[in-house]
Amino acid sequence: MDKVFIFDTTLRDGEQAPGIALNAKEKLEIAEQLARLEVDIIEGGFPASSIGDFEAVKRIAESVKGPQIAALARAMDADIDRAWEAIKDARDPRIHVFLSTSDIHRKYMLEATEEEIIAQAVAGVKRAKGYTPNVEFSPQDATRTDGDFLSEVVRATIEAGATTINIPDTVGYTLPQEFEELLSYVYEKVPQLHDVILSVHCHNDLGLAVANSLSAVRVGARQVEVAVNGIGERAGNCSLEEVVMALKTRRDLVWVETSVNTREIARTSRLVSLLTGYSIQPNKAVVGANAFAHESGIHQHGVLQDRMTYEIMDAEEIGYEGGQIVLGKHSGRHAFSAELEKMGYELSKDELQRAFERFKELADRKIQISDSDIEAIIADEMRTSGDTWELVDLTLVGGTTVEPRATVRIKTPDGQIVQESASGDGMIDAACGAIVRATGIDARLLSFTVGAVTAGAEALGDVTVQVSVDEDRFTGRGVSTDVVEASARAFLNAINRAMRVGRRERAADAPGP
């Protein structure tokens with residue numbers, strides 16, 4: 001069977017989703033998990049966009065072994081130079097150059113002729129080629145580009161040295177049959193395309209990212225660009241877990257395979273959800289809570305006889321074999337540390353201490369702690385590690401006849417403790433009000449979602465919020481057995497994300513194919 005390369009852009013295009021602002025440590029943790037998942041290429045970010053992104057990509061390139069490490073760059077000398085500086089220490093670095101080619105992008109964004117676009121694309125590829133033989137080129141908004149001009153751009157960039165040509169459906173506009181026809185046309189017009197890797201990068205605006213990617217594989221694409229849980233700008237990207245499991249489940253039709261270790265899919269999905277603050281919808285294919293759940297009596301009867309009656313995938317192949325760890329209030333630091341090591345987490349001494357303290361607090365409230373609880377605690381600590389403000393203490397007063405009031409104690413960046421109180425319509429409103437007073441940030445709660453990490457009355461509450469700061473939206477997430485405390489942690493996490501983004505020196509143009 002032919003191999004389809006899996007190019008993961010969770011840390012670049014995925015992070016561009018509204019409200020997500022991963023720090024370097026969080027990006028590195030996700031990259032290390034993607035390496036355990038055994039994706040072929042990790043696009044670490046867009047180094048020219050900010051100092052923070054540059055540093056994150058550089059740390060990934062220096063530390064993560066296994067996959068190729070890619071960095072995105074516009075077809076501009078400064079971008080390409082910056083990308084190389086970030087990834088030069090990777091085992092197998094790739095520079096991913098992009099430039100818009102559609103009429104609407106050329107007219108309203110670039111104000112450039114077709115000849116100027118080709119010249120700039122060729123110059124960008126040649127400059128990247130001077131740094132590494134591993135160069136990818138993307139004609140942004142390819143599916144709304146004239147087929148003949150697209151073919152000219154593809155031919156010119158292959159001749160300039162591109163070893164991967166990516167055809168992005170940047171705005172999720174195309175339909176599967178139409179996409180197949182476009183790719184077939186470019187193959188016909190540019191025979192040299194058979195000598196390089198054809199890649200596709202599909203967005204999900206019409207809900208067709210996975211379908212379009214599979215159609216591309218049918219006509220010869222051998223790289224698919226994806227994001228974990230399908231996160232990304234607008235409606236998101238092609239979902240890693242969906243396209244990988246579709247290729248694996250229907251090998252009888254597509255006759256290709258990937259190198260992905262599918263048993264790491266569930267853990268990867270949970271980690272990305274926890275660190276980005278983007279919850280997974282229950283009916284999400286492959287990784288949703290209901291993906292292997294059966295309520296219908298007829299379905300239940302069939303599954304009890306043979307799971308294949310209503311399940312086309314083996315849950316264990318995705319990493320849902322259970323593997324509950326048994327830790328409780330009598331467990332010590334060594335047992336806790338050993339479990340973290342088995343789960344693939346590497347924490348510093350200080351991080352381990354904080355996580356252990358959270359674990360012991362949880363153990364006093366909950367009889368038995370699962371691996372999902374531990375993952376939630378670790379992710380929560382990672383979200384708050386190095387944050388601007390840290391929640392030290394929360395005190396609540398209220399009842400059916402008493403006005404809800406909250407008092408918070410928050411540690412500032414310089415280690416000072418600030419205490420503030422506020423009243424509200426409820427406990428959560430009061431807690432958020434107290435945090436606003438303590439931080440001095442005018443933040444407004446826009447949306448609030450609460451779930452449970454595991455089942456049962458003792459379950460960790462998992463709260464996701466969207467907060468408005470200076471008219472921008474930021475997502476925050478927090479966990480605790482107390483829902484109000486989880487809400488306060490999520491609200492403060494969102495404020496910290498806002499402050500983190502405010503410190504970035506972002507490029508004026510939004511990146512990416």
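Everything numeric in this text was worked out from a predicted model, so none of it was measured.
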Kindly indicate, with the supporting measurements, whether the criterion side-chain contact (heavy atoms from CB on, under 4.5 Å) is fulfilled by Glu225 and Ile6.
CA-CA 6 Å; Glu225 306 199 357; Ile6 299 300; over 6 Å; no

Keeping the roles fixed (side chain from Asp205, backbone from Ala235), state whether a donor-acceptor pair exists under 3.5 Å.
no

So, using side-chain hydrogen bond (donor to acceptor under 3.5 Å, both in side chains) as the criterion, who are the partners of Glu242 when residues are at least two apart?
Lys284

Flag the pair Phe149 / Val154 as yes when at least one side-chain heavy-atom distance between them is below 4.5 Å, and no otherwise.
no

Can you name the salt bridge (Lys or Arg N to Asp or Glu O under 4.0 Å) partners of Asp13, sequence neighbours left out?
none

Should the pair Arg477 and Tyr278 be classed as cation-pi, given the thresholds of under 6.0 Å to the six-membered ring centre and 45° from the axis?
no

Looking only at heavy atoms, the pair that brings Ser259 and Lys3 closest together is OG-NZ, 2.9 Å

Selection residues 202-223 - residue pairs positive for ring pair (Phe, Tyr, Trp, His ring centres under 6.0 Å), sequence neighbours left out:
His201-His203

For Gln33, does its backbone N or O pair with a side-chain atom of Glu264 as donor and acceptor, under 3.5 Å?
no

Pairs involving residues 162-194, ordered by first then second residue, that meet ring pair (Phe, Tyr, Trp, His ring centres under 6.0 Å) (sequence neighbours left out):
Tyr187-His194

Any pair counted as ring pair (Phe, Tyr, Trp, His ring centres under 6.0 Å), so long as it reaches residues 54-86, sequence neighbours left out
Trp84-Tyr131

Here the ring pair (Phe, Tyr, Trp, His ring centres under 6.0 Å) pairs for residues 7-34, sequence neighbours left out, are Phe7-His96

Exactly one candidate in Leu183, Ile165, Val217, Thr143 meets side chain to side chain contact (heavy atoms under 4.5 Å, CB included) with Val200; the answer is Leu183

Taking C-beta and beyond as the side chain, do Ile80 and Ile95 meet within less than 4.5 Å on heavy atoms?
yes

Run the side-chain hydrogen bond (donor to acceptor under 3.5 Å, both in side chains) test against Asn212 and tell me which residues pass, sequence neighbours left out.
none

Keeping the roles fixed (side chain from Thr163, backbone from Asn134), state whether a donor-acceptor pair exists under 3.5 Å.
no

Quick one: list whatever passes side-chain contact (heavy atoms from CB on, under 4.5 Å) with Ser184, sequence neighbours left out.
Val219

Under the salt bridge (Lys or Arg N to Asp or Glu O under 4.0 Å) test, which residues partner Asp92, sequence neighbours left out?
none

Stepwise, does the side-chain contact (heavy atoms from CB on, under 4.5 Å) test hold for Gln140 with Leu99?
CA-CA 6 Å; Gln140 185 173 212; Leu99 181 65; over 6 Å; no

Applying side-chain hydrogen bond (donor to acceptor under 3.5 Å, both in side chains), name anything that partners Arg82, two or more places apart in sequence or on another chain.
none

With a 4.5 Å limit on heavy-atom distance, are the side chains of Val171 and Arg144 in contact?
yes

Salt bridge (charged side-chain N to carboxylate O under 4.0 Å, His left out) partner of Asp53, chosen from Arg59, Arg12, Lys27:
Lys27

For Ala209 and Asn204, the nearest pair of non-hydrogen atoms, with its separation, is N-OD1, 3.0 Å

To check you understand the geometry: which heavy-atom pair defines the closest contact between Gly288 and Ile280, and what is its length?
CA-CG2, 4.1 Å

Please give me the minimum heavy-atom distance between Ile378 and Ala355, naming the atom from each residue.
CD1-CB, 3.7 Å

Is there a donor-acceptor pair under 3.5 Å between the side chain of Thr157 and the backbone N or O of Val153?
yes

With sequence neighbours excluded, tell me which residues meet side-chain hydrogen bond (donor to acceptor under 3.5 Å, both in side chains) with Gln281.
Asn283

Heavy-atom nearest pair, Val224 first then Cys238, reads CG1-SG, 4.2 Å

If you compare all heavy atoms of Pro176 against all heavy atoms of Leu208, which two are closest, and at what distance to 0.1 Å?
CD-CD1, 4.2 Å

Heavy atoms, side chains only, cut-off 4.5 Å: are Arg94 and Thr132 in contact?
no

Determine, step by step, whether Lys248 and Glu317 satisfy the side-chain contact (heavy atoms from CB on, under 4.5 Å) criterion, reporting the C-alpha distance in whole Å, the side-chain angles of both residues, the deciding distance to 0.1 Å, and the verdict.
CA-CA 10 Å; Lys248 183 172 184 175; Glu317 288 187 347; 3.8 Å; yes

Could you check whether any side-chain N or O of Asp79 sits under 3.5 Å from a backbone N or O of Arg74, counting only pairs where one atom can act as donor and the other as acceptor?
yes

Does Arg263 use its side chain to pair, donor to acceptor, with the backbone of Glu316 at less than 3.5 Å?
yes

Decide yes or no on side-chain contact (heavy atoms from CB on, under 4.5 Å) for Asp81 and Arg127, but give the supporting numbers first.
CA-CA 8 Å; Asp81 296 346; Arg127 190 172 188 89; 2.9 Å; yes

Does any non-hydrogen side-chain atom of Pro513 lie less than 4.5 Å from one of Ile167?
no

Should Lys25 and Glu29 be marked as a salt bridge (Lys or Arg N to Asp or Glu O under 4.0 Å) after you check the CA-CA gap, both sets of side-chain angles, and the distance that decides it?
CA-CA 6 Å; Lys25 180 175 175 54; Glu29 184 68 27; 5.3 Å; no

Only pairs at least two apart or in different chains count here, so list each salt bridge (charged side-chain N to carboxylate O under 4.0 Å, His left out) that has a residue in residues 159-187.
Glu180-Arg218

